[in-house]
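Before any comments, here is the structure.
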Amino acid sequence: MTDRTTLKTDPLVRIRGISKHYPVGRDAFGRPSAMLRAVNDVSLDVRRGETLALVGESGCGKSTLARLMLRLIEPTAGRIVFDDDDISKLSPRKLRPYRARMQLIFQDPFASLNPRMTVGDVLDEPLRINGWPREKRRERVAQLLAMVGLRSAHAERYPHEFSGGQRQRIGIARALACGPELVVGDEPVSALDVSVQAQIINLLGDLKAQLGLTLVMIAHDLAVVRHMADRVGVMYLGELVELADTRTLFSRPRHPYTRALIEAVPLPDPHVRPERRLLEGDAPSPLSAAPGCKFATRCPLARERCHSDTPALLETGEGVNGEPQRVACHYWKEADMGAPMTTAVAQESERYRLRAKLFQARLQALEEKTATQPVA
Amino acid sequence: MTIILAQHDQAPARTKRSDAMNDNVLTVEGLKVGFRTDKGRFSILDGVDFTLRRGRTLCLVGESGCGKSVTALSIMGLLAENAEILGGSARLNQHELIGLDRHALRRLRGDAMAMIFQEPMTSLNPAFTIGNQLIEGIRQHSDLEGAAAREHAIEMLKRVRIPAAEQRMGEYPHQLSGGMRQRVMIAMALANDPGLLIADEPTTALDVTIQAQILQLIRRLQHDSGTAVLMITHDLGVVAEVGDDVAVMYAGRIVERGSVTALFDDPLHPYTIGLLSSIPRLDDTLTRLSTIPGSVPTPAEMPRGCRFSTRCPFADQHCREEVPPLAAVGNDKEHVVACWKAPIEHCEECSESREVMA
Ligand SMILES: Nc1ncnc2c1ncn2[C@@H]1O[C@H](COP(=O)(O)OP(=O)(O)OP(=O)(O)O)[C@@H](O)[C@H]1O
Ligand SMILES: Nc1ncnc2c1ncn2[C@@H]1O[C@H](COP(=O)(O)OP(=O)(O)O)[C@@H](O)[C@H]1O
Ligand code: SF4
Ligand code: SF4
Ligand SMILES: [Mg+2]
Ligand SMILES: [Mg+2]
């Protein structure tokens, strides 16, 4: 995690009133019969050097927002300013110089890797496109492989010869090839097994610190977010409903939806099986353009006003280091009921703690031993 | 599916008696399954053992590819064509399932045992309405007909808390959200009050708020009906939330098994220990996660002895050559582990690094 005192620097990306609406269906005259509001009027800064997480239920617009930020798709309305340049309307050709500076890591790296290209070719491609001279490219590929914990001999192999975790390492190496400033991960660890997920999370953290990256992380696992992010934005049906520093968001959520999300997380501790107040139903269709708060159909605090007035994302107070906590809810004061029960510190047994320490200590000892041996 | 049963895999009479005494709904012993592929034959399950009692939930936990689904499909008699059952036994209420013919298995499915899948569309037919499919399932396995079957179907939809149940009866699967489809599948699975419900990652594809609803639903229905649930998951949070007992699987073998509290408070297998410490937690303020190095070996490169030996920091030559038996190492005889060195704090060379820790 970034040192929280350095967070108040100028933004790398400024997003202002961004929307992406998709026309869907056709009426008798062939005109679109409805608008799907994938992202609706979102404003947000991504600060240099931070890790910003975006969370929310499936279909709430996280990936769309990420793709807008990278200008992989064109906004319906609003502005995106990358490092002081307005990129919202740039043509693909004019966007090219920005492409190398911002990169996307996918959930399933395999789907994004050409099966007929060796790993070396996969990593060489972006370098070539960006005009790296041939002599430098070989060296860079080896360097990238080392950076993500692979061996240079792996350059000769094909993606299918690698495990899921290794493929994600390749995906990360490719994203880093041209030295981007902004890296957006769209669920980069969601498809990985727990034991491998931890390796990749650590790797992303290390690389971020080493290279001074700015990270935007889309994730649905809130524990992963808690672990990685400096700030968290919570989305619901295309809108940002809460934005705060990570510690404040988890210890004092003020939007009823944020609270519901955190309280729904199953805890890896059989001693606490909290009786939960669960959200009823599921998110309404993004096609509905009903006025008022989008969460009103499921919100335990909803009342008349919620169905007519749309709540704006307003500053409600300060979190860590004076970081503003922004919430879009008319009645956030009532939703602010202190720490959600699922964030209570887990009770770990002495035995487990001792064995976990032995396990890690032994691993470390082995690593040191192999590190001092000459490489075969 | 081919079945090759060795003589010694016939269950001894002694266990059968204890089945009855313990209220055992499902007993799996020494289950071995392999696959024939164009690259050769691979052993996938290598001796899976567990029992499941009435009204209890056993969680089968493990990383992807370790054989959780193959275990479930073997029990249900739904294995792929290229699968071979190489040995072992799976008994439902003391009746052997392995080797039963198709018809007998089909009669048991949806009646004495039912399964729900990660992707509900695998068991819902897109061409028929929800109501049609529910009623058909009820008619096949009961004497309910006509209006009575329809009423029972609506009742089931209400039990899984589908709003406007009567109206939903006329809708097609694609008209429902993911969470709603999962509920319909649960309604179908539970329509005939099965003694055994197998749920294979029922919430993995769902959002966390919907997951919480579905888990609560399964728990309530189980509480009302006494159904035994085999819950397959890779999420230790789900295990802690719903499990009574847990079996940890690694590369086709059960490596540790016990009550849910024993497993979390007294994890014995190095894999379990590594797994527990590599999950990020909501109360987490650490900067680095603990990890397990490497990844699960593929079926083609399975090590000979302990299958975790390629990643275990305590592995030695003995581990690499000899398969450790699944056995109790402490006072809790129900808590068993397959590791030569458990508990690791009693193993001299394992604790060598203690000085490092201090
Ligand atoms: N090209 C498109 N045409 C029409 N609708 C689209 C398009 N792309 C996305 N959508 C819709 O926009 C909404 C937001 O989608 P998006 O992929 O951003 O969600 P998400 O939050 O990333 O979800 P998930 O967690 O499932 O990845 C969804 O309703 C989706 O179906
Ligand atoms: N029909 C099949 N043919 C060959 N291999 C299979 C087949 N079905 C499953 N496998 C293999 O069996 C192993 C266990 O699979 P599975 O039980 O689905 O794992 P999971 O624990 O993720 O449910 C995997 O290595 C998988 O690739
Ligand atoms: S504005 Fe109303 S409906 Fe929306 S979250 Fe707040 S209380 Fe709930
Ligand atoms: S038997 Fe050996 S290799 Fe296997 S888990 Fe135990 S110590 Fe590790
Ligand atoms: Mg997405
Ligand atoms: Mg599976």
Quiz prompt | Spatial distance of atom CD (A:Glu280) from atom OG1 (B:Thr209) [nearest 0.5 Å] | solution = 11.0 Å
Quiz item: Under 3.5 Å, is there a donor-acceptor pair between the side chain of A:Asp193 and the main chain of B:Ser64?
Solution: yes
Quiz prompt | Heavy-atom proximity to chain B below 4.5 Å, by part of A:Arg353 | solution = neither
Exercise. Among A:Ala339, A:Ser251, A:Ala198, single out the residue with the greatest number of heavy-atom pairs under 4.5 Å to chain B.
Key: A:Ala198
Quiz item: Given the rule in the side-chain contact (heavy atoms from CB on, under 4.5 Å) test, do B:Gln216 and A:Leu278 qualify, once you have shown the distances and angles that lead to the verdict?
Solution: CA-CA 9 Å; B:Gln216 191 185 63; A:Leu278 297 182; 3.3 Å; yes
Quiz prompt | Residue among A:Val189, A:Val225, A:Val224 satisfying side-chain contact (heavy atoms from CB on, under 4.5 Å) with B:Pro280 | solution = A:Val224
Quiz prompt | Heavy-atom donor-acceptor pair, A:Arg226 side chain to B:Asp283 backbone, under 3.5 Å | solution = no
Practice problem: Tell me, out of A:Val265, A:Ile262, A:Val272, who's got the most heavy-atom pairs with chain B below 4.5 Å. | Solution: A:Val265
Exercise. Report the distance from atom CD1 of B:Ile279 to atom CG of A:Asp221, rounding to the nearest 0.5 Å.
Key: 9.5 Å
Quiz prompt | Side chain / backbone / both / neither for B:Leu206 at chain A, heavy atoms under 4.5 Å | solution = neither
Quiz item: If you draw a 6.0 Å radius around CZ in B:Arg219, do more than 12 non-hydrogen atoms from other residues or ligands fall strictly inside?
Solution: yes
Quiz prompt | Distance, nearest 0.5 Å, that separates CD of B:Glu345 from NZ of A:Lys357 | solution = 13.0 Å
Practice problem: Would you check, one step at a time, whether the test side-chain contact (heavy atoms from CB on, under 4.5 Å) holds for A:Leu222 with B:Leu282? | Solution: CA-CA 7 Å; A:Leu222 290 177; B:Leu282 271 192; 4.1 Å; yes
Quiz prompt | Separation between CD of B:Glu241 and CG of A:Leu267, rounded to the nearest 0.5 Å | solution = 6.5 Å
Quiz item: With only heavy atoms counted, which part of A:Gln199 is less than 4.5 Å from chain B, the side chain, the backbone, both or neither?
Solution: both
Quiz prompt | CD (A:Gln347) with more than 12 external heavy atoms under 6.0 Å | solution = no
Practice problem: In sequence, state the C-alpha distance, the side-chain angles, and the governing distance for A:Val194 and B:Leu236, and then conclude on side-chain contact (heavy atoms from CB on, under 4.5 Å). | Solution: CA-CA 9 Å; A:Val194 186; B:Leu236 287 164; 5.6 Å; no
Practice problem: Please lay out, stage by stage, how A:Ser195 and B:Arg311 fare under the test side chain to side chain donor-acceptor pair (under 3.5 Å). | Solution: CA-CA 11 Å; A:Ser195 69; B:Arg311 303 170 78 189; 2.9 Å; yes
Self-check item: Parallel, tilted or perpendicular: ring planes of A:Phe359 versus B:Phe308, cut at 30 and 60 degrees
Solution: parallel
Quiz item: Looking at B:Asp235, B:Ile162, B:Leu215, B:Val242, which one has more heavy-atom pairs under 4.5 Å with chain A than the rest?
Solution: B:Val242
Exercise. Calculate, to the nearest 0.5 Å, the distance between atoms CD1 and CG belonging to B:Ile210 and A:Leu279 respectively.
Key: 8.0 Å
Self-check item: Heavy-atom contact with chain A under 4.5 Å, split by part of B:Val239
Solution: backbone
Self-check item: Atom CD of B:Glu334 with >12 non-hydrogen neighbours under 6.0 angstrom
Solution: no
Practice problem: Could you verify whether a donor N or O on one side chain and an acceptor N or O on the other, from B:Ser295 and A:Gln166, lie under 3.5 Å apart? | Solution: no
Practice problem: Could you tell me which of B:Leu263, B:Leu268, B:Thr204, B:Val296 has the largest number of non-hydrogen atom pairs under 4.5 Å with chain A? | Solution: B:Leu268
Exercise. Taking all heavy atoms of A:Ala356 and all of B:Ser277, pick out the closest pair and write down the distance.
Key: CB-CB, 4.2 Å
Quiz prompt | chain A interface, residue from B:Thr272, B:Val260, B:Thr298 that has the most non-hydrogen pairs under 4.5 Å | solution = B:Val260
Quiz prompt | Structural part of A:Leu261 lying under 4.5 Å from a heavy atom of chain B | solution = both
Quiz prompt | Selection from B:Asp265, B:Ile273, B:Ile292 maximising heavy-atom pairs under 4.5 Å formed with chain A | solution = B:Asp265
Quiz item: What part of A:Gln197 gets closer than 4.5 Å to chain B, counting heavy atoms only: side chain, backbone, both or neither?
Solution: side chain
Quiz prompt | A:Leu192 portion near chain B, given a 4.5 angstrom heavy-atom threshold | solution = neither
Quiz item: Non-hydrogen atoms of chain A under 4.5 Å away: do they reach the side chain of B:Pro293, the backbone, both or neither?
Solution: both
Quiz prompt | Segment of A:Glu348 engaging chain B (4.5 angstrom heavy-atom cut-off) | solution = side chain
Quiz prompt | Spacing of CZ belonging to A:Arg351 relative to CD1 belonging to B:Ile344, to within rounding of 0.5 Å | solution = 12.5 Å
Quiz prompt | Side-chain (B:Asp207) to main-chain (A:Glu57) donor-acceptor, under 3.5 angstrom | solution = no
Exercise. State, to 0.1 Å, how close B:Pro313 and A:Leu366 come at their nearest heavy-atom pair, and which atoms those are.
Key: O-CD1, 3.4 Å
Quiz item: Do NZ/NE/NH1/NH2 and the carboxylate oxygens of A:Asp269 and B:Arg281 come within less than 4.0 Å?
Solution: no
Exercise. Answer with side chain, backbone, both or neither: which region of A:Thr342 has an atom nearer than 4.5 Å to a non-hydrogen atom of chain B?
Key: both
Exercise. Quick one: do A:Tyr352 and B:Asp266 satisfy side-chain contact (heavy atoms from CB on, under 4.5 Å)? Show the steps, please.
Key: CA-CA 6 Å; A:Tyr352 162 66; B:Asp266 187 15; over 6 Å; no
